[in-house]
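Okay, so here's the structure we're looking at.
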Amino acid sequence: MMRKSYFFGKACVLAMMGLSILATTVYANPHIPFVTEVQQQSTRVSGVVKDNNGEPLPGVNIVVKGTTNGVITDMNGRFQLNAPQGATLVVTYIGYVSQEVKAGAGELKIKLVEDSQTLSEVIVTGVAAGTPKQKLGFSIEKVSAEKLLKVPATDAASALQGKIAGVRITKTSGAPGSESDIQLRGVKTIFGSSNPLFIVDGILTENGLSDVNAEDIESIEVLKGAAASSLYGSRAANGVVSIITKRGTGMEGGKVQVDFRTEYGKNFLGYVPGRSKATNRQIKDGNVIFGVTDPDQVYDNPYPKTYDQIDQFFNPGNYFTTHLALKGTSQNNKMSIYTSIQTTNEGGIVKMVDGIDRTNIRLNVDYRIMDNLVFSTSNLYTRTKADNRADGAFGGLYRSDPSANLLAPNEDGSLYLVNVNKLSDYVNPMYNIANSRNKSTSEKLLSFFSLKYDPTDYLTFSASYGTTRGTGESLYLTPKGRLRYDLSQDPGWISRSMWKNTEQTVTVDASFYKKFGDFNTRVKLQYLYESSYSSSLNSGGGALGLGGMNITSVNLSSEQFAGSGVYKSIANNIAGMFVMDYKDKYILDALVRRDASSLFGANVRWQTFYRVAGAWRITQDFKIEGINEWKLRASYGVAGLRPPFEAQYEVFALQNGVPGNMETLGNKNLKPAFSKETEIGTDIRFLDRFNFSINYSIANNTDQILKVPVTPLSGAAFQWQNAGTIQTKVWEASLNADIINNKDWNWNMGLTYDKVKQKITKLNCTPYMLNGTRFRIEEGIDFGVLYLDKFARSLDEVTNQVPAGRKVDELFALNNQGFVVKRDQIGTISETPIKVKDDKGNIVALPTKSMTPNYNLNLNTTLSYKGFTLYMLWGYQDGGVVYNHSVRYTTEPKLFDQTGKPWNEVKAATYYSNGGQQIGLLGWDNDVLLFDASFLKLRELSLSYDFKLKPLQPFVKNMRVSVIGRNLLTFTKYPGYDPEGVSADKGKGVDSNSFRFESNDQYPLYRTITGSIAFTF
Amino acid sequence: MKKIYTLLISVVTLFSSCDDLFESLDVPNENQPNIEDLATPSEFYSMLKNGYNTWYNGSIASSPTMAFACAELFQTGTAGWGSGDVWFRPRQTMFNDDAPDPVIIIGFGAWYNYYGSVGMAVKMAKMFDDPGFKIVSGGADYTNRAKAHTYLIEALLYGNIALLYDKAYLFTEEHENAINFDFVGNTKDYKQVMAYAIKKIDEAIKLIEADEIDKDPSAVIAGVTFDRATLLQFANSMGARFLACNPRTQAENAQVDWAKVKTYAEKGLQQDFKVAYDDGWRGKVMTRDYGSNYYGQHHGNNFRGSQWLLSKMAPNDPASVYPIPVTQGSDSFKDWPAITNCPDARLEKYFKYETMRNWYGADRTTRPGYGTFILCQYRYMRYYNVVNLNSGFIDHFLKVENDTYLAEALIRTSGSKSEIARLINNSRVGIGQLAALTGNESYDELENALFYERYVECDLVWPQLGFYDRRRNKDQMIEGTVRHFPIPGPELNMHGQALYTFGGIGKEM
């Protein structure tokens, strides 16, 4: 097998190279008949077609006027054709104003102007070649740099927030530099991440987007459906997000442009959950007697003094970023360069913790070796340093007594009293931050190299190599002698870890473009090789030989451990694509891809993915008053998701050289999961200023890869199986309007809407709870519904808890909060809500509300008056719930505070306690802790002014000053930090977009307010 | 043209340098051995170690041990893993259904742990059906020794399952595989399952006795490399433990084959059986919660001593009163005084006085389900240093435990009182420095003294023993306490069997 793959891959590359060499030779040799077969009465005309920004336009129709003699431009916007001397060429391209140009000697340079009456975006991801959006049979969204840079996001994922319908983005943590989870059109997989495939300048990467800075992005293309993403086969069921960064190719020869931007501001915390200002401990002489509970156990004894621990703990950290970019094209137009450097410091919101420092360096080069041979490369180097001491500190903060002064000194005068808490034995979190080290550094390189060769005007060959290389290390230190709660000295602990990963792709493809009469055709064949390798090594130990904060060597520990991991995958993929249209009206698109991945079981190595799509541009056949452009489209596509690395193998619990229990059985028949999606939609531009799109998609996501419980007799507790189907139905719509567009005033708005429904429609195993969570996997249930203990709210729900011969209302009653309680306990210290039980007496987990919102709306609006620009992005979520786990593990949350309540509404400690499954509102996971997560947010706001400084021109072309706010305002009834600031347990395969917890250990989302100044030279 | 050649050379160089391109799709999992790698003669001892590891980690794991606070030889302040159902007052009905996380259900962890290796043990035993399957190392033939180990592992797994659960699936070498196994038809009660475990112990003993091999070629348990004599002692002691501890009631205790217990115990351990506290040998609940074990719970002050036990050790000291009284509106009970009049030297040796101001359980006395019985001013420190240093040995089966089986067998069979007294005195006098028994006591008095020794000396070393002792002897646990666990609900559901459970007054078993 190895030989076959090896030689196949090498053969492809060599064949490509051979073909390139042969073709190059052919083209360069004038004696070869192919080239000299030219009509003597005609002349050879060549040229290049670019858009307003100087970007080449592929697929532009060039026809000799009055004839059917024509060609289409290649990937680089170039064309060649034979035309009579002095003939007129008609240049047409969807979305652009048609032009007529005279054929002449030398290379024609044609610049097409966007037609404001039509949509004009050109899509380059998932298609045979750059394709105008109007000619797509499926939905692909594109976000331009203009929209992205109104409020430059800290990373590429955040930049998408609220800008596209059907996209849900959740920060995995509020900590600076955290990754985001992105979900496109709901859930495609029950287990594991919903993150799409990320492509950065052609580099397929699983490394996330947190390192890619927004300032360098030219555009982002988002492929939400299986049809659109099927070119990426078994990696693309979750969709594709493709980042295209800026290049120098748009610059005229000999021109250079320099952009400099700097932004400085502060991070702030928004809403903070309250704490009780009263205790149920006795108070004597102005002091709390912590060990003695008041006989009534009611939290109504006001603390003599409480502290604003948020103020003590939090710190408005810096946000400071500087970006310098240079782009230009050589005078002979052969070489173009875009290069930039950006430094960012994001301090976060925790005192003493430095947050992250990130440096990004980019170099994109395009070099035209010959007229028909272009070499391109894109490179991003990123270095990130992070201070992670805030990890876990939030748990300590929430567990602190409301009356604890976190800034109080120790007896020896050192900072942060260790045992400041009296209600629990949690150490002062500020002491732990001050007396620990937890830092990490990482470096990453994304590089892409490609060669494109156009031997004729209808053939293009290309070969490319893309790679992501990352490496990093971390250090954690608890110094010897650090005090524990009981003031004993910790023997110390140190750990270090190092990791590296490499992803590589080799792509070889051949494209054929040809116009046959009124038919435009494109055929593309592609071979793609992928490899991924990652490894890690970690070690640590305790009982350190030396004290102090400067210890960095694990060798100083006496009880050492070490661990390692190696993960590798290989894939060979081939794809063929055929696209045809008739007079630009009727479009047909078909694609087949075959994937062989080492992650599939050995018995099912090759798998097939495909799409069929069609579109009809109605307004090309019928002129309709007020409708500028109207297209109907429909598609069906199949894309996949690969199993996790370990899924096909027998996996043992290895520890200290002992192969313990087998954790999972192997499965040689494990296939990828498939997303089989039907999408219909329409795009309309009307009244010269409105663009409206609507999509309906239904995806049957079959062969779900699930870690299914099996009888332990099989030797393992679980086996990965293709065990179910989840169906996702999505409505999404967007409306964009240029409301005002005149010399001084400009006002445009964009509105997006989406609604997602998802249901498990098939399950081939015993229903179960997902790997230690409250998420039930069972056929017929809505996905995203938590199964929780339920408090009874009517007497009917507790009739099965009444002994024979008794009546329900003899034993139970509804209390004044609407919960069923024992009648004889009302008003006593034992009063506690009763949970619903089954007939066997078990408290049962019952379905509650869905975490999936009813719908989402986003509104962006830009208003300009002369040099002023005001931009806002609002987000609204209707419905959906968040499970507030935090409040269960908060010492005396606000819920406890009974001061000021009428006597008959007061409840004792037991009522609210976290007393296991049977006792208390905060006991075991229950439905009282679910909260409506509806919100209205002002996500982004900027007010800018562009100065045209005449004295400095032309040296300074423009200066822009802005005031910027991110995550500024949230209106919600949710009682936690932020209904979007949720977390999920990645280790359990739970995606934070599907399952929304608020954990008391998580770093909350915060707001940022900054000012920026930008120059263009 | 020069540019083209330069470029092509660059490209060829680039691809040539990427020697890790175009590799095979047959990627091994370098992090894990596959079963095929282990199921060979050369790796057979690794599999044996795997089997013993599963048994041992399941035996000392925090779950289900935490539940055995119900036996009141130790106490806990948390209802972790749902253990509260078993030790809360009044006793609750145990949860037994599909659970969000099976690990957190007190009755599930041990089942999944032990059964995780049953299939493997049976598979290993079947390997010996092939006459050509030989385990040879250094010129010595370890085939029969390895076979004996395999049977012992089967016995340890099924023996512990029988001790804990009312019923189990008896999957043996007679069955083809777990996929087409008749779970319902092979659901056996704890007596039948224990009978099978005893049968496998007997087969193992027979093999060891008939074999000439003395020392194993490598350790099969952390810190333990058996030789012929110690392996035989270990097997016999386990036989005694299983038979003696299996009864659920006093009536069943009377029906035990005490003659057989006596035979086992007479050939049992003559020294303490200890296991090194190495990483990987510190307990595990199901396939998670590594390192969560009973000794760590004491070390972390999650468990405390039991006033019920201290009141037996120092019956004449008012500080040993059980339960410690609590006055509403005062927390002075947290400074409950130390015991000053304890005749048993082991109070000082194994326990440590420590204020309850650091015992979070002391703030829970008014919580429903907890109560004052969780109060104790002493911590159990016997293995504190081993856990603290992550180094050393933990006793698993004391010679004293074996002595008490022999003594109990003699009591139940009206054996020599002086021999009974001698056996009890080994620890009673030798360690506790209590007055020696003379042999003139009644059998009843001797039995009391015997169980006192087990409580103080043995039952906190392997804390399951306290539960087993108090379901079969005169010191019965409080009404409503479960006598054993049901088959876990997910298993019942998987095999189409009705859910059931135990716990609460009248539903103990």
Side-chain angles (χ1 to χ4, degrees), chain A residues 1-2 5-6 9-10 13 17 21 24 291-293 295 369 375 425 465 486 504 506 529 531 559 561 565-566 568-570 596 598 605 646 649-656 658-663 709 711-715 717 766 768-769 772-774 830 840-842 845 910 915-916 919, chain B residues 3-4 7-8 14-15 20-27 29-35 38 46 49-50 53-54 79 84 93 95 97-101 103 112 115-120 169 171 178 181 278-280 286-287 290 328-331 334 358 360 366-368 390 490-491 493-494 499:
Chain A
M1 195 66 187
M2 184 184 86
S5 169
Y6 180 85
K10 289 280 187 192
V13 172
M17 289 177 176
I21 294 165
T24 307
V292 183
T293 305
I369 301 160
F375 168 75
D425 57 1
Y465 171 75
D486 61 4
Q504 297 182 100
V506 175
Y529 168 84
S531 78
E559 301 146 16
F561 76 91
V566 175
K568 183 174 169 182
S569 68
I570 305 291
S598 64
R605 274 283 149 78
E646 72 277 10
Y649 303 105
E650 290 159 352
V651 175
F652 287 80
L654 280 184
Q655 209 159 12
N656 199 24
V658 181
N661 293 49
M662 197 193 294
E663 289 186 343
T711 177
L713 254 187
S714 63
T766 311
Y768 67 102
M769 298 284 188
T773 69
R774 284 283 188 153
S830 301
K840 295 188 290 287
N842 287 333
T910 301
I919 308 293
Chain B
K3 288 176 184 172
I4 296 174
L7 190 74
L8 289 173
L14 175 68
F15 281 112
D20 54 348
L21 286 175
F22 306 113
E23 292 184 89
S24 165
L25 293 174
D26 294 325
V27 175
N29 182 0
E30 295 179 39
N31 308 306
Q32 304 282 349
N34 270 22
I35 189 67
L38 289 170
S46 289
K49 200 168 184 179
N50 171 354
N53 179 263
T54 302
T93 302
F95 178 87
D97 202 337
D98 266 342
D101 183 357
V103 170
Y112 285 94
Y115 263 111
S117 274
V118 165
M120 174 74 82
Y169 306 124
F171 176 73
F181 177 62
D278 289 350
D279 192 16
M286 283 183 71
T287 55
Y290 289 98
Q328 278 287 338
S330 167
D331 68 346
K334 291 181 179 175
N358 287 340
Y360 64 93
T366 55
R367 281 193 189 186
N390 277 325
E491 277 275 49
N493 284 332
M494 195 176 288
L499 291 173

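Remember, it's a predicted structure, so these values are computed and weren't measured experimentally. Chain identifiers are assigned alphabetically (A, B, ...) following the order of the sequence lines, protein sequences preceding nucleic acid strands; residue numbering begins at 1 within each chain.
- The distance from atom CE of M494(B) to atom OG1 of T711(A), rounded to the nearest 0.5 Å, is 6.0 Å.
- Across I919(A), T910(A), V566(A), the residue that shares the most heavy-atom pairs under 4.5 angstrom with chain B is V566(A).
- Using a 4.5 Å heavy-atom cutoff, the side chains of N390(B) and F561(A) are not in contact.
- To the nearest 0.5 angstrom, L713(A) atom CG is 6.0 Å from F181(B) atom CZ.
- Only the side chain of T766(A) comes within less than 4.5 Å of a heavy atom of chain B; its backbone N, CA, C and O stay farther away.
- Note that the OG atom of S569(A) and the CG atom of L25(B) stand 10.0 Å from one another [nearest 0.5 Å].
- Using a cutoff of 4.0 Å between basic side-chain nitrogens and carboxylate oxygens, E23(B) and K568(A) are scored as salt-bridged.
- Within the 4.5 Å cutoff, no side-chain heavy atoms of D425(A) are placed close to those of N358(B).
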